[in-house]
Structure formats: C-alpha cells, structure tokens
Number of protein chains: 2
Amino acid sequence: MGTMDEPDKPRAQLTIRDLAARLGVSKTTVSNAFSRPDQLSAELRDRVLAAARAAGYAGPDAMARMLRTRRAGAIGVILPESLPFALDDPVAGELFKGIADACEERRLGLLVVPGGTHAADPSTVGQVAVDGFIAYALPRGSRRLEAALARNVPTVVVDEPRLPGVATVAVDNASGARDLARHLVGLGHRRFGIVAMRFQTDGYTGPVTRERVSASIYECAVARFDGYAAALGEAGIDIAAVPLYECAHSDEAHGAQAAGYLLGLEERPTAILAMTDRLAIGVMGAARAARLHVPRDLSVAGFDDIAAAAHARPALTTVRQELRLKGYAAARLLLDAPQGTDPASAPAAADEFSLPIELVVRRSTGPAPRR
Amino acid sequence: MGTMDEPDKPRAQLTIRDLAARLGVSKTTVSNAFSRPDQLSAELRDRVLAAARAAGYAGPDAMARMLRTRRAGAIGVILPESLPFALDDPVAGELFKGIADACEERRLGLLVVPGGTHAADPSTVGQVAVDGFIAYALPRGSRRLEAALARNVPTVVVDEPRLPGVATVAVDNASGARDLARHLVGLGHRRFGIVAMRFQTDGYTGPVTRERVSASIYECAVARFDGYAAALGEAGIDIAAVPLYECAHSDEAHGAQAAGYLLGLEERPTAILAMTDRLAIGVMGAARAARLHVPRDLSVAGFDDIAAAAHARPALTTVRQELRLKGYAAARLLLDAPQGTDPASAPAAADEFSLPIELVVRRSTGPAPRR
DNA sequence: GGTTCTGACTGGACCGGTCAAGAACAAGGC
DNA sequence: GCCTTGTTCTTGACCGGTCCAGTCAGAACC
C-alpha cells in the first residue's frame, strides 16, 4: 500500500455541490436526501446516499449547516475554574451529570468553555458554537459571563451571580445555613468557628474579617455566611467575635488547615460550620489528628450533602441540595426557553428557579460539651 | 429609561455589515477591527469597537467565522457510555483531565458528544463543530467512531479499538496484566479467579467461557485477559479451568458480585485478578464481608492505579498507568497532527503511541495460604 | 378538455463572516 | 521626478450548506 501513493488525489473535501453535479441533480436535492427524506422519492434518495458513500462524502458539513440553521447542537458550560478542578469537585461533578442528562435527552453536545488560567479572558466564550450557556458559580462581574450575555444567546446562571433578567437556578443558601446553625445552637453550642469558601479570587487562605465578607464577589459564600450569622444572632451570639477562616479552594486539605487554626484558638470552638462538605471532612480529619472526638468534643457540619458526606466517619451533618437535579433544571430551563424570540420580550417568566434544600442531621453533630 | 421603549427596535442580531454601513466603512474593516488589529489604524479600530459596543454587537458570529476559517475551536470527545457514567469513573475522569489540560493550553473547547442510550446513533457525531475527535475505549465496529473517521477530521483513539492508519494512544495491557499475574504466581498462588470488565455490549454479568473472550469486541479486556493467561500458562496452570466472571460495568458493586461467585466456588481461589481497580476494591469489600482476610486468605489485584487504589484498606496491588498523561498525550497528538494536510499523506508518523506502565505492589497481595 | 391539485425537483438568495487582491495616497530613495 | 515601498481601507469571491418560491409533469376532478 505504501507505494500506491496517488499524490494528485483530490481529497479536498467533497461538497454537496460536487455530489449534485456528479449525479446531475440540484444541490437542494442532495441536501434533502440527507436532511429531509420526505422531500424526494425514496428511489432518488437511495441513489444519492449510495453515491455519497461511494465518493466518501460523510454528510453535510456541520459548520455550514449551523450557520444556515443557526443551531449549534451543543450547549456551553462556563466554569469558575478549569475543567480538571471541576472534575475533582463532587459538587460540580453532580451538576455536570444533571446537565449531561438533559443534553443526552435532547441529543445535544456539551461544550466546556476553556477556563483555567485564562479565566479572565472572555474571548473564547465568543468563539464557540453553542445554542446557549450555563454559567456555574461565577464571581460577580465575571467577564466571561458578560461575554456570554452579550452574545445574545440564552443563558442560565447556576447559583451565582444573580443578575436582573438572567434566568438563575439556585437554592436558598441563607436559609439552609440558618437552619443548620440553629440546629447547632439547639444542641447548646455557643462557641462557633466558621470555615468559609473563598470570598475573592485572590487565592487567599486564612482568617478574615467581616469586611471581607461584605466585599465578597461570591454571593453563595456570603449567603451562607449570612445564614449562619442570622441563626447565631438569634441566639445572642456576637457574630463579630466568631472566628472565620477563608479557604481559597474547597477541599479536604484546606479544611484541615482551617481546623488547625480554629482548634488552636484560645477559645476553642465546640462547633465548626464548614461551607462545604469537603471542607467539613477536612476539619474532621484534623480534629481526629488532634485527638478530638467528633461529635463528643467537637461538632462539625458541612453543606451540599455530597456522597462522601454520608460515608464519612462519623457521617456528616449537612444541608442537602439536589445537585444533579440542579444541573438538569438549568439545562431544561435553557433548552425550553422561548426559542428565537427576542430575549428582552419575555421577561415575564420567572427568572429565578429555586430548588429545595433540606437539613440532614447525621452523627457529626451532637450536644455541646459542658464547660 | 423604562418609558423609552422603542418597540420596533430591530433587535435582530446585528451583523458585521450593519455595523460597517453605520460607520461608513467596509465589512472587512470591521472584521479586521475584531480579528486583525494590525490591519487598520488604531484610531479607526477604536471607533469601530466603540460603535460595536454602543450598538450591542458582541463580535463576529462564531458559526460564520468557523465556516470561513474552517476551525471550530473545540475538540470532540466520544465516550463509550453517557457522560454521567464517565464522570463516575475515575479512570475516565483522569483521562478527561489530561485532555482538558491540553485544551486549556490551547484555549480550545472540549465538546462531549452525546452518547447515552443513543450510543448506537452516529448522527450526532456528524453534527458537531469540532477540529478533531478523541475516541475513548470504544468497542470494535463502533458506528460513532466510523462516523468520526468518515468526517475526515483528525481523530485519535485512546485505548481501543486499534485501527490501521488511525492514531492511537494506549498502554501495553497484555504485558501489564502478565507482570501482575507473574507477581502472584511468584507468591505461590495456583488457584486464581478472574474478574473481567465487559466483553460485549449486551450488559451481561456473570461467569463466562473463553469463547466469549475470543469473540469480544473490547480489545483492552481481551489484552488483559491474554496477559493473565500468558503468565498462568507459563506457570503450568490450565487457563481454561480458571473461573472467569464478567462484569457489565466496572464498579465496586459488580466487583463484589463477582467475588460472591468466585469465593463460593468449590475450589476457592487464593488470588483474584480484577481487570480494574474498582472491581478489585469491590472484591475486597466482599471478601471482608465473607470474613476473609486480604491478603492472608486471599490476594486481590487491580489495574489502572486510580487514587482510590492507594487509599484502599489494604492498599491495592495494581498496574499503574498514567491516565492523565494519556489524555494529555491524546490531545496533543490530535492538535499537533499535520494540519490541513491530506490525512492519508502522512502515515509515516507512528500511529501508535504507547505509554509506560508499571507494576505497583502494595498490601493486597501476599503469599498464597498453604493448603 | 380545461382546471386544479399533488408530488418531485430546481434556482438562487441567504446565513455572517474572512481573505486575497487591488486602489488610493503618502512617504522615502535615487 | 519617478519608481518603490508601505499603510490603510475596499471590493468581491468564497466557505458549504438550507430553504423559500417556483417549475413541470402527471393525476384527479367535473
């Protein structure tokens, strides 16, 4: 075979026109043979298809078809960080599954917009061919989200940021956090510590003040904080005095680090509120390492109820949200949006879609140790 | 502002031409303002960009640009199953990360082609706009892979199936499996059981014969089996007599189920070779439930060395492969392929890219129990 | 036999850009 | 003064399809 090279073989991609010429029919007919079988006789259609196969023509060019039909057959996902990070995060993973569920129902592709170190660069958002975007947990003022919105293509935001006129799927983080904190207050706890997810994009990890919370560009984190604060306030606890540790990334290592700080404080907390389950699991690991028994010596609670929460030892008290459903709902909201209509003409539909949450009490929280 | 509604405002997507007309310049100039700044004076460029912003024009239409430039800015991934399944599988997850690493380096999107229950339907493969495909662990004769190949766009296969002229990134499964089985033989084991991943797409789970292996459309599974068989053969063990249990899906539950079968056999194996780590971990779970101590009563080995393998109790003996690197290599192979040249003209480059593997001996394998 | 209808196929505008080639004009070199 | 060079912008073809508005033949109807 090696010697049979035909250097002049015109492999230049065949077009529908070439095929039409070859068959002596019109372009339209060839197009119809592929895309609208009812528009020509079965006999001719077979002939066209056979000729196409023989010529090595694989069907209408995707890009040209998209341009004409204005449908890309894919939806875009914009993530706060790079995809590898998201793949390590069970919360994003579940969300992804939900989105994928909807995509596969509709036979749509799922296109992850590159983020990574270039997350600040919105240009790629404008370059991809999609029928809509799902923007997940982006900071307020995200350039990429702005770019997506500017494209005038249906866009659904998951979690944050909430923008007027932009469809959003979220949960009531504040009330979830409040319920959780109330649960701990009810168990007699008075000395709390809070392990927060990031409030800024600066990569800072360490103790922070409430000013940083107020200035945060991450609404979810703020809402959860506010929920805690509300419950503690009700109990007459001075929220300003509650130690607060921010973690740049939501993983066990950061949670352990935060616990290291909180458990080393003079007034050691008897209960730690972690804003995510992974942080909470990290806290429990550190507590164990410090010879503290959970929940006897220390109560720990998370948020999200990822699979690992139920498997943790002890099983983690947390706030359950239906992450997969959230992804599915977001995608459906996107896909069922009034197609082709002026996006500004249909703001009647509620642009806020709220999913239920539920306090899940497990073994990681218990009565406050006396004294 | 609210009352200033202009109901006849032609929100119909602005084009480059509209903008050009509005500014009294040519289409090309507007296009250049966005895509080739060096082609016009900075002053005019600023004017164009400002006008665009004012008019709500977000930049050149992605589809039209793609059609003209013939670049989609994304690479397609074809998975053996649906994306949600892949997201649950750490092997696919790591691979994904590697692919994503390469995509983000190049600022490319990552488009997952819908699979799911429609995996047999190759049409979506032809509808998406991509610059190339990565096909992962597809069964021989996959219609979707055929469709990708027919599109005449660069395509790289990961693991399987190996096809002449198609670039492939894989590992030497047979020799990895052989080394692993030799390790167990060296520990004195003579009675083996094999837990296999699927050989067919029929969803069957249960004991199978070697005929089914020979007829398999999954080359990886066959290679691993052959590797085991080679090592056991060397040791004079009759491979035909070694019990073989096929699992439709590679997860702990199936592994446990397989173990249930194998451990219930009259001639109970002293060593179980599982074709994936998750299956192996499932086997260990079942062994524990059956009050068998690993590795004292039973040795268990896996394949792939996922993160969970090192964390398992006991830590799992397995064959390490660099999954993330595999994904990265596949993507680089795809992206660095001679662009635009006739795919048939450059078969000089090795179309087989083999990654190293390594036997990792941990605590789950030990000397065969005497008697 | 004339009209209407139906089914099968065609012509050409259009989707919204990019790009090679060229025009217009100023500056520089000899 | 003329030719070259360069910069800046324009013209018009092209990317590869889809789809609307026909044309044309034959069947059906009265």
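Below, chain A is the first sequence line, B the second, and so on; all start at residue 1.
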Which parts of nucleotides 14-28 of chain D does protein reach within less than 4.0 Å, heavy atoms only, written one letter per nucleotide 5' to 3' as B for base, S for sugar-phosphate only and - for none?
BBBBBB---------
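Not a single side chain to side chain donor-acceptor pair (under 3.5 Å) links A/R22 to another residue, sequence neighbours left out. Judged as a side chain to side chain donor-acceptor pair (under 3.5 Å), and not counting sequence neighbours, the contacts of A/E219 are A/R140.
Between B/D121 and A/R107 there is a salt bridge, since a side-chain N of the basic residue sits under 4.0 Å from a carboxylate O of the acidic one.
Applying the side chain to side chain donor-acceptor pair (under 3.5 Å) definition to pairs two or more places apart or across chains, none involves residues 43-57 of chain A. For residues 59-87 of chain A, the pairs satisfying ring-ring contact (aromatic ring centres under 6.0 Å, His included) are A/F85-A/H249, with sequence neighbours left out.
Residues A/L79 and A/V112 form a side-chain contact, since some pair of their non-hydrogen atoms from C-beta on lies under 4.5 Å apart.
Distance, A/L23 CG to C/dC9 C1': 13 Å, rounded to whole Å.
For the residue pair B/E105 and B/Y328, a side-chain donor N or O sits within less than 3.5 Å of a side-chain acceptor on the partner. There is a side-chain donor-acceptor pair under 3.5 Å between A/T29 and A/S26.
In this model, the phosphate group of C/dT10 is approached by a side-chain N or O of A/T29 to a distance below 4.0 Å at OP1 or OP2.
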Close N or O pairs between protein and nucleotides 4-8 of chain D (under 3.5 Å):
none

